[in-house]
2 protein chains.
Amino acid sequence: MCVPGDRPGRTTGGEALGSERRREREKEQRRSAILRAARKEFFEKGFRSVTVDTIARRAELSKGAIYLYFKSKEEIYAQILLRDIDKFHDRVETLLDTSKSASDNLRQYADVYAAFFLSDRELFRIFMNFMLQHNPVNFTPNINDHIVKSTNQTVIIIEQILQMGVNRGEFPPDLNIRVCRNALWGLLNGIIALHIFSGREETREERVRTQLREGLEVFIKGLRAV
Amino acid sequence: MCVPGDRPGRTTGGEALGSERRREREKEQRRSAILRAARKEFFEKGFRSVTVDTIARRAELSKGAIYLYFKSKEEIYAQILLRDIDKFHDRVETLLDTSKSASDNLRQYADVYAAFFLSDRELFRIFMNFMLQHNPVNFTPNINDHIVKSTNQTVIIIEQILQMGVNRGEFPPDLNIRVCRNALWGLLNGIIALHIFSGREETREERVRTQLREGLEVFIKGLRAV
DNA sequence: GAATGATGGTCATTAACTGACCGATGGTCA
DNA sequence: TGACCATCGGTCAGTTAATGACCATCATTC
């Protein structure tokens with residue numbers, strides 16, 4: 001990296017000392033600090049009403065510095081979502097337990113699903129938006145695909161559980177899995193959405209869980225009786 | 001801080017955002033990191049054979065950066081010494097326990113003294129050099145004074161203990177405190193020095209302590225019999 | 001529909017850091 | 001003894017990271 005007017009023999013070569021590792025590390029830490037700060041902001045106020053300035057202030061940086069690490073406000077948001085979605089994906093992926101009944105698996109699924117979204121309401125909004133095919137933030141195609149794929153995966157798990165129930169004779173053999181899957185998924189999201197979008201902020205988790213369980217039991221009973 | 005050729009209205013004013021606090025904090029951390037690295041180096045190899053480059057490498061910085069925080073190798077050394085000496089000073093200052101006998105106080109003193117220097121041999125070298133009035137490193141007068149004052153303080157504590165013993169009749173009333181103080185101080189340092197300067201690096205603390213205790217008992221017996 | 005205010009993004013300027021270089025010093029060998 | 005060499009404290013031209021005043025844009029108000 002030399003400028004034309006350099007004095008000869010005074011160029012800055014590639015770093016030989018151990019400081020490059022340190023700088024790499026510190027850069028990564030700054031990046032994380034921004035994401036941490038932004039996450040808090042986004043999940044407190046939602047995408048629109050958060051300003052880059054407040055993120056910067058929370059991360060104890062200037063606005064300009066934010067743009068050294070991310071190329072837009074959208075990108076920050078996307079990065080946070082990707083991280084959270086992957087976390088959720090991991091949780092859900094290891095959920096299927098073949099040693100238990102299909103019904104118990106459905107109950108377990110509902111628990112994990114509710115716990116995750118009740119701890120991150122904003123994340124639930126985004127998921128909903130993606131599922132319903134109208135996203136408010138314009139992500140790059142790559143990111144879009146990733147989110148869509150991950151969200152779809154959660155639905156597929158329900159399908160797998162239902163299939164397991166059919167194979168074992170727990171549910172009737174002529175069960176329309178596709179329809180039931182959508183119905184159950186709608187049930188879960190409906191109850192959660194009801195509370196999250198109700199306007200009142202102080203939704204108690206326990207109450208949502210109880211409702212979910214009750215709804216689920218009705219659903220399972222229905223499944224068996226088809 | 002404007003340069004003559006500035007575009008008007010594009011000056012950088014005083015910082016209003018919260019990043020100044022962060023920068024202050026990080027600067028302090030860098031400083032500490034350098035001191036930590038330097039301390040390890042100095043106390044492994046001694047002042048002379050440590051290079052500024054190795055300190056820099058250990059602190060994961062460049063040599064130039066070191067000189068942004070300290071103006072010379074000597075200053076780094078002095079800062080470390082001041083910190084350690086103050087620590088020692090604090091330890092010794094709260095040592096005097098008037099509820100115990102003077103003899104026990106002397107034993108306690110010897111223990112603390114030995115523990116401190118056996119954990120930092122290089123520090124002991126420096127103390128010795130100051131006590132014997134020939135210091136190998138040229139500190140600024142301020143630092144010199146501070147070190148001399150602190151080192152003297154440790155000797156005065158011995159004097160106070162002896163005085164306490166005389167007042168209580170534990171030691172003879174005609175005891176020459178100045179002479180005894182120097183003798184005891186010499187005894188302590190002699191035994192420690194013997195081990196630290198012996199060449200063999202693996203001096204075991206326990207052995208030094210035992211010798212110190214034995215020497216001290218002989219000395220105390222002598223004091224009483226004067 | 002002009003004025004206003006808020007906000008995402010830019011860029012001239014500054015601060016932090018880097019490492020090749022310099023001069024002094026001490027050791028070595030002809 | 002003096003030319004040579006290696007080492008090391010300290011310097012500084014150059015690079016990278018960070019700052020915040022500014023700009024363009026868009027929604028809102030009057």
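Just so it is clear: chains get the letters A, B, ... in the order the sequence lines come, proteins before strands, and each one is counted from 1.
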Tabulated below should be each protein N or O lying under 3.5 Å from an N or O of nucleotides 25-29 of chain D; please produce it.
none

Using a strict cut-off of less than 4.0 Å between a Lys/Arg side-chain nitrogen and an Asp/Glu carboxylate oxygen, indicate whether Arg30(A) and Glu26(B) qualify as a salt bridge. yes

Spatial distance of atom NZ (Lys45(A)) from atom OG1 (Thr54(A)) [nearest 0.5 Å]: 4.5 Å

Nearest heavy-atom pair of Asn105(B) and Leu95(B): which atoms, and what distance? OD1-O, 3.8 Å

Distance, rounded to the nearest Å, where Leu61(B) contributes CG and dA16(C) contributes P: 13 Å

All N/O contacts under 3.5 Å from nucleotides 5-8 of chain C to the protein, with atom names and distances to one decimal?
| residue | atom | partner | partner atom | Å |
| --- | --- | --- | --- | --- |
| dG8(C) | OP1 | Val50(A) | O | 3.2 |
| dG8(C) | OP1 | Lys73(A) | NZ | 2.9 |
| dG8(C) | OP2 | Val52(A) | N | 2.9 |
| dG8(C) | N7 | Lys63(A) | NZ | 3.2 |

Dot-bracket pairing map - DNA chain C, Watson-Crick plus G-U, both contacts under 3.5 Å, | cross-strand: ||||||||||||||||||||||||||||||

Hey, would you say the Phe124(B) and Phe116(B) ring centroids sit under 6.0 Å apart? no

In whole angstrom, give the distance that lies between atom CZ of Arg25(B) and atom P of dA16(C). 15 Å

For a quick test of reading the model: is some side-chain N or O of Tyr69(B) closer than 4.0 Å to OP1 or OP2 of dC17(C)? yes

Does a side chain donor of either Ser19(A) or Glu60(B) reach within less than 3.5 Å of an acceptor in the other side chain? no

Applying the side chain to side chain donor-acceptor pair (under 3.5 Å) criterion to Asp84(A), which one of Arg39(A), His89(A), Gln79(A) satisfies it? Arg39(A)

So, Gln163(A) side chain and Glu159(A) main chain: donor-acceptor pair closer than 3.5 Å or not? no

Return no unless some side-chain N or O of Arg30(A) is found under 4.0 Å from OP1 or OP2 of dA18(D). yes

Charged N to carboxylate O under 4.0 angstrom, Glu44(A) versus Lys40(A)? no

